[in-house]
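What follows is a single structure, written as structure tokens, with notes after it.
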Amino acid sequence: MNAFLDLRPEVTLAQARAADARIARGEARALEGVPIAHKDVLVTRDWVSTAGSRMLADYRSPFDATVVDRLFQAGMVGLGKLNCDEFAMGSTNENSAYGAVHNPWDLDAVPGGSSGGSAAAVAAGLTPAATGTDTGGSIRQPAAFCGITGIKPTYGRASRYGLIAYASSLDQAGPMARSAKDCALLLSAMCGFDPMDATSLNLAPEDFSAGLDQAFAPNAASSSRPLAGLRIGLPDEFFGAGVAGDVTIAVRAALDTLETLGAQCVRVQLPNTELAIPAYYVIAPAEASSNLSRFDGVRYGHRTANPSDLRDLYRRSRAEGFGAEVKRRILVGAYVLSHGYYDAYYLRAQKVRRLVANDFDRAFEQCDLIAGPVAPTVAWKLGAHQSDPLADYLADIFTLPASLAGLPGLSMPVGFGSGDGSGFGSESGSSPRPVGMQLIGPALQEARLLRVAHQFQQVTNWHLRRPPEPRSVTTG
Ligand code: GLN
């Protein structure tokens with residue numbers, strides 16, 4: 001599947017032996033000996049950290065990202081690094097300098113992105129857990145496309161120290177695993193205040209596993225209706241004409257299941273949903289253009305051979321090191337931040353961001369969480385959007401709003417679709433591909449999302465389905 005970019009069996013086996021010894025001594029920590037692999041935008045001392053870019057082809061970090069370190073301190077054994085879109089820019093993993101990742105459910109389909117390697121590796125059973133990062137949907141959408149569970153926490157919950165920056169006001173790391181229960185264990189270990197991240201929230205540590213089996217309302221009478229009292233908001237904007245039939249059917253069926261558990265669905269409005277796309281695709285490239293200015297061929301990363309002068313060094317190092325999508329975003333970002341355009345684009349996008357956040361505040365007066373599809377379609381075929389980057393941007397419509405508002409979002413598998421009637425052309429004869437449902441909560445309500453997903457997974461088995469054994473494919 002081309003999911004892994006760096007494996008070092010000697011490192012992994014040494015960590016595993018240390019975990020075995022601790023277990024034998026009766027000193028096992030919360031996640032002792034459980035394997036995990038990390039998205040390659042999280043820096044690691046023991047493995048190369050490329051961010052999916054030629055720019056960082058052989059980059060070795062002198063330190064571990066805080067989330068990587070916290071999982072290690074909880075006892076986890078590192079398997080290596082996972083492929084992703086270059087600097088996490090993309091929705092298909094096709095923007096990786098190291099080739100596309102294949103979706104284990106349909107090897108001709110994308111796994112989603114940018115955490116495509118993480119999602120594919122977990123779905124195929126190569127690792128029980130992976131880290132992902134989510135700027136505009138990069139945990140939730142690949143989790144949906146590969147039929148696994150993932151959660152992007154509230155902005156500020158998980159430290160960004162050592163997360164190679166794409167758009168700093170949006171980037172968050174989170175866990176990707178089979179079940180909500182596994183995600184809760186992982187998230188508890190990952191989160192926590194970090195003085196090395198200026199936007200880290202200074203909160204007491206939270207055990208996200210503690211309340212998974214509890215009823216939503218503390219005095220709910222019947223154990224067969226544990227979600228009694230839970231109001232699920234269904235935004236009109238998430239169930240409109242742009243959503244493929246197979247996705248709508250699976251999401252509606254999942255909502256029926258949640259209703260049988262006692263939840264009640266209410267209609268809500270998120271009127272600025274459509275504007276989230278242009279706002280995000282101004283703000284994220286603006287921040288990216290600034291963040292990526294550090295890759296200059298001088299301090300670290302790719303350096304061109306025999307530059308004629310300093311300007312030539314910058315130019316050619318960046319021209320050679322960055323891929324096409326990264327260059328596109330640097331150009332857009334530099335443009336919207338430039339004198340004369342700043343007010344018209346960047347400032348206006350920031351105002352739209354506030355409107356999107358206000359929409360959620362208003363909706364959460366009527367409901368406890370919001371549910372809808374993660375993406376308008378199931379995973380599309382590799383290469384389907386090759387000549388049309390905007391098609392990828394548009395497909396982010398349901399994940400971008402929570403990112404702009406900094407809210408937690410969870411993705412869980414709720415069925416399968418055929419890809420027919422997807423809006424991207426009919427693909428009959430393809431293997432079934434997973435459909436994901438998204439749960440969005442008010443700030444800091446990760447526990448609520450995980451509890452609802454866990455209770456759904458107690459009465460359904462979508463999260464237990466496994467793709468066919470992968471055959472090997474030629475990767476590009
Ligand atoms: N698809 C979005 C983008 O390309 C989101 C990526 C992400 O969350 N890292 O920017």
Side-chain angles (χ1 to χ4, degrees), residues 38-42 51-53 82-96 100-101 110-119 130-145 150-153 155 158 160 163-176 276-292 322-333 336 349 353 374-377 379-380 384-386 388-411 436 438 440:
H38 297 293
K39 184 179 183 181
D40 212 23
V41 297
L42 293 166
S53 181
L82 292 161
N83 206 343
C84 58
D85 283 300
E86 186 175 7
F87 290 105
M89 298 177 191
S91 308
T92 66
N93 215 116
E94 292 169 296
N95 296 334
S96 168
V101 172
V110 301
S114 61
S115 312
S118 306
T131 49
T133 67
D134 190 309
T135 303
S138 280
I139 289 175
R140 292 162 283 161
Q141 184 258 28
F145 280 15
I151 182 166
K152 175 197 94 79
Y155 183 81
R160 288 183 298 107
L163 194 177
I164 297 173
Y166 162 18
S168 308
S169 76
L170 295 153
D171 298 340
Q172 268 299 289
M176 302 173 76
I277 301 173
Y280 174 88
Y281 279 101
V282 166
I283 292 167
E287 295 185 24
S289 74
S290 169
N291 275 322
L292 270 55
F322 290 138
E325 182 63 22
V326 172
K327 287 174 183 163
R328 190 177 292 129
R329 300 206 187 184
I330 291 172
L331 290 172
V332 169
V336 300
R353 183 176 191 172
V374 175
T377 68
W380 49 89
H385 295 179
Q386 206 156 32
D388 184 9
L390 288 184
D392 278 357
Y393 297 1
L394 293 175
D396 288 342
I397 182 160
F398 301 132
T399 51
L400 299 178
S403 295
L404 289 169
L407 300 177
L410 178 146
S411 172
Q438 181 176 209
I440 300 171

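When a ligand or atom number is given, it counts from 1 through the structure's own listing order. For this chain, numbers begin at 1 and follow the sequence in order. Hydrogens, waters and symmetry mates are skipped; everything else that's a heavy atom, side chains included, is used.
- For Pro153, the side chain to side chain contact (heavy atoms under 4.5 Å, CB included) test picks out Arg157, Ala158, Gln172, Leu187, Glu446, with sequence neighbours left out.
- Formation of a donor-acceptor pair under 3.5 Å by the Glu325 side chain with backbone atoms of Gly90 is not found in this model.
- Under the rule for a side chain to side chain contact (heavy atoms under 4.5 Å, CB included), the partners of Asp171 that lie at least two apart in sequence or sit in another chain are Thr135, Arg160, Leu163, Ala165, Tyr166, Ala167.
- Listed by chain and number, residues touching ligand 1 at under 4.0 Å (heavy atoms only) are Ala88, Met89, Gly90, Ser91, Ser114, Asp134, Thr135, Gly136, Gly137, Ser138, Tyr166, Tyr280, Tyr281, Arg329, Asp396.
- With sequence neighbours left out, the side chain to side chain contact (heavy atoms under 4.5 Å, CB included) criterion links Ala119 to Pro142, Cys146, Ile148, Met176.
- Between the side chain of Lys39 and the main chain of Thr133, a donor-acceptor pair closer than 3.5 Å is present.
- Here the OG-CG distance, from Ser411 to Asp134, works out to 9.5 Å after rounding to the nearest 0.5 Å.
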